[in-house]
Amino acid sequence: MRSDLMKAGVQRIPHRSLFKALGLTDEEISRPIIGVVNAQNEIIPGHMHLDNIAQAVKDGIRIAGGTPVEFPVIGVCDGIAMNHEGMFYSLPSREIIADSIEIMANGHPFDALVFIPNCDKIVPGMLMAAMRLNLPSIFISGGPMLPGKANGEAVALTDAFEAPGALETGKMSKKEACDIENNACPGCGSCAGLFTANSMNCMCEILGIALPGNGTIPAVYSERIRLAKHAGMQIMKLLEMNLRPHDIITKSTFLNGLVADMALGCSTNTILHLPAIAHEANIKIDLKEVNAASERVPHIVKLNPAGKHFMVDLYEAGGLQAVLKRLDEMGLIDSAVKTVTGKTVFENIANAKVLNSDVIRTKENAYSQTGGLAVLWGNICPDGAVVKKGAVLPEMLVHSGPAKCFNSEEECVSGLVAGKVKAGDVVVVRYEGPKGGPGMREMLTPTATLAGMGLDKSCALITDGRFSGVSKGASIGHISPEAASGGLLAYIMEGDIIEINIPGHKLNLNISDEEIAKRKAAIQPRPIKKVHGYLKRYRAMVTSASEGAILDDTN
């Protein structure tokens with residue numbers, strides 16, 4: 001056993017003494033030591049109940065003959081960190097999470113790991129660590145939140161973020177806004193729509209590193225506790241089989257992930273995280289592969305914020321296993337790949353059924369014959385930009401309008417509230433990329449304000465920042481290269497015409513190459529603001545969004 005490095009033999013008498021200081025018996029020390037990586041805390045609603053999940057996992061490990069040892073990792077709640085300095089730290093926390101798990105798992109050589117994430121950057125950070133360490137591993141998330149009910153309708157976090165804009169413009173009363181505030185997030189779990197957290201928890205199941213049900217069983221259901229116990233028991237089987245993440249998550253698995261991503265219309269953040277996770281296993285995901293998947297995969301599930309359904313509706317419709325079965329029947333996935341069940345995807349989905357064909361549609365009845373995400377190219381984004389196509393209104397799929405430029409998220413929100421943005425404008429938010437932010441902040445507040453003001457029907461927003469999975473509308477992010485690295489975004493001027501063609505995968509500034517060269521010679525990009533501490537180190541090492549905003553490890 002790997003854990004023998006810290007417990008076996010005469011030379012490990014002091015080590016065993018320390019284990020006994022923890023209250024462990026000789027019998028417990030002699031068994032496989034399983035690290036339980038728990039992201040529980042009291043600031044993230046999706047994580048406040050993870051102590052219960054962890055206890056169930058540990059029960060499962062003990063049932064199957066192992067000794068669980070729990071340790072924590074940090075986490076940032078994107079919703080609470082939104083639109084202030086806290087958001088500078090959200091994406092950078094992904095790297096700290098991965099690094100801290102590497103330190104803990106190698107400083108104390110566990111035999112295997114169970115990962116318990118739920119929200120935002122915690123899931124991809126843990127996935128990066130799992131791929132980097134390549135120890136027998138399994139994921140069990142905390143599960144999605146149920147939707148709330150306000151003003152007579154089902155609501156989620158989307159509605160809470162859109163409420164300020166609607167209140168500012170008189171489209172909503174204070175009483176209606178208060179009802180949303182009190183009820184949009186009714187309890188524990190990752191917020192109820194297909195936002196970043198649920199997108200990535202779904203990815204864990206789709207990639208085969210989590211048991212069936214991981215992505216959709218609601219947080220408050222006892223079935224979630226039972227799944228956690230099974231995950232604890234299953235890690236012992238994975239250890240016995242020596243089945244590791246690199247055996248499960250291969251290039252074919254990532255391509256399955258992209259296909260499912262298109263079918264579901266996940267958060268654009270998946271296109272940031274999947275390349276970063278793949279990088280840990282020396283697998284390359286090219287952004288061109290995203291469009292290749294999008295062109296052949298129908299958009300068959302549309303959840304909030306793009307659609308009317310929530311995660312619980314997908315659960316009741318048969319879950320992700322039913323989605324995978326439908327995709328397999330269309331010949332769109334490689335169902336021969338392995339999973340943590342010890343079986344292939346094909347074996348896992350054998351008995352899966354679609355129980356609601358309005359939630360999980362057929363190819364013929366799909367929302368679109370192409371996928372829910374798209375990568376755009378053009379002179380503004382020669383290295384790519386990403387949009388959640390499935391959440392864009394039909395009238396905004398092709399749009400041309402004058403630029404309204406802002407050099408930060410705060411400037412943009414102030415401009416929106418002050419009425420500086422008019423119907424037809426293309427809102428430009430720059431210097432918010434991985435280096436420029438630094439940290440590539442989510443632009444949920446601007447997009448939600450646009451939607452709340454009713455401008456999402458006529459205005460687009462482009463940025464080198466990124467978007468929350470809660471965002472909707474013609475919101476185009478991840479523009480690469482970013483403004484702080486000399487990208488064309490830095491040289492766009494007020495009133496310039498920007499042309500957007502999402503079906504054609506195009507995003508261009510309508511000026512000549514000669515004019516671009518002239519501006520680059522005459523205009524000084526905005527000085528990068530001074531930062532200190534971790535953000536200073538992060539800025540020095542972070543790469544482009546087109547590469548997953550990973551840290552440069554070539555030196």
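What you see below is based on every heavy atom in this structure, not just the backbone, and it leaves out hydrogens, waters and symmetry mates. Since the structure is predicted, the reported quantities are computational estimates derived from the model, not experimental observations.
- Residues I122 and I44 meet the side-chain proximity criterion, which asks for heavy atoms closer than 4.5 Å.
- Judged purely by atom type and a 3.5 angstrom limit, H246 has no side-chain atom pairing as donor or acceptor with the backbone of A281.
- In this structure, the side chain of E28 does not engage the main chain of I33 through any donor-acceptor pair within 3.5 Å.
- Listed here is the closest heavy atom pair of P305 and K472: O-CD, 3.8 Å.
- When only modelled atom types and interatomic distance are considered, T158 and N304 share a side-chain donor-acceptor pair under 3.5 Å.
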- Report the C-alpha separation of D59 and Q55 in whole Å, then their side-chain angles, then the decisive distance to 0.1 Å, and conclude whether the side chain to side chain donor-acceptor pair (under 3.5 Å) test is met. CA-CA 6 Å; D59 289 346; Q55 185 58 56; 3.0 Å; yes

- Message: V312 vs Y221, test: side chain to side chain contact (heavy atoms under 4.5 Å, CB included). Steps then yes/no.
- Response: CA-CA 11 Å; V312 67; Y221 285 15; 4.0 Å; yes

- Step by step, work out the side chain to side chain donor-acceptor pair (under 3.5 Å) result for D120 and S90. CA-CA 8 Å; D120 301 312; S90 175; over 6 Å; no

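- Using a 4.5 Å heavy-atom cutoff, the side chains of I34 and F110 are not in contact.
- Partner I277 forms a side chain to side chain contact (heavy atoms under 4.5 Å, CB included) with one of M203, R132, M200 and no other, that one being M200.
- Annotation: the span from I209 atom CD1 to M131 atom CE amounts to 7.5 Å, rounded to 0.5 Å.
- Closest approach of V340 and S137 over heavy atoms only: CG1-O, 3.7 Å.
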- Query: Passes side chain to side chain donor-acceptor pair (under 3.5 Å), S3 versus R31? Steps please.
  - Reply: CA-CA 9 Å; S3 60; R31 295 169 185 160; over 6 Å; no

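- The backbone N or O of D334 sits less than 3.5 Å from a side-chain atom of N256, completing a donor-acceptor pair.
- Checked by atom type and distance alone, the side chain of N214 pairs as donor or acceptor with a backbone atom of N201 at under 3.5 Å.
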- Task: Decide side chain to side chain contact (heavy atoms under 4.5 Å, CB included) for I97 and M126; before the verdict, give the C-alpha distance in whole Å, the side-chain angles of both, and the deciding distance to 0.1 Å.
- Result: CA-CA 7 Å; I97 290 163; M126 286 188 176; 4.3 Å; yes

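- Checked by atom type and distance alone, the side chain of S294 pairs as donor or acceptor with a backbone atom of L373 at under 3.5 Å.
- S368 is not listed as a side-chain neighbour of K302, based on a closest heavy-atom distance of 4.5 Å or more.
- Side-chain contact annotation: E70 with N38, donor-acceptor N/O pair under 3.5 Å present.
- The shortest side-chain heavy-atom distance between V220 and C188 falls under the 4.5 Å cut-off.
- Under the 3.5 Å distance criterion, the side-chain polar atoms of R326 are matched with a main-chain donor or acceptor of I360.
- Residues A192 and A156 come closest through the heavy atom pair CB-CB, 4.3 Å.
- Checked against salt bridge (charged side-chain N to carboxylate O under 4.0 Å, His left out), K251 has the following partners two or more places apart in sequence or in another chain: E289.
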- Message: side chain to side chain donor-acceptor pair (under 3.5 Å), that's the test. Do T370 and K389 meet it? Break it down for me.
- Response: CA-CA 9 Å; T370 56; K389 182 174 64 174; 2.9 Å; yes

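- Using modelled atom types, one side-chain atom of D179 and one backbone atom of N151 make a donor-acceptor pair closer than 3.5 Å.
- A donor-acceptor contact closer than 3.5 angstrom links the side chains of T196 and N269.
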- Report the C-alpha separation of I61 and V57 in whole Å, then their side-chain angles, then the decisive distance to 0.1 Å, and conclude whether the side chain to side chain contact (heavy atoms under 4.5 Å, CB included) test is met. CA-CA 6 Å; I61 291 169; V57 165; 3.9 Å; yes

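- Around atom CD of E42, no more than 12 heavy atoms belonging to other residues, nucleotides or ligands sit under 6.0 Å away.
- Aromatic ring orientation, H299 versus Y367: tilted (interplanar angle from 30° to 60°).
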- Task: Decide side chain to side chain contact (heavy atoms under 4.5 Å, CB included) for K288 and W377; before the verdict, give the C-alpha distance in whole Å, the side-chain angles of both, and the deciding distance to 0.1 Å.
- Result: CA-CA 10 Å; K288 291 183 175 63; W377 312 91; 4.0 Å; yes

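- Partner P32 forms a side chain to side chain contact (heavy atoms under 4.5 Å, CB included) with one of T67, D111, I235 and no other, that one being D111.
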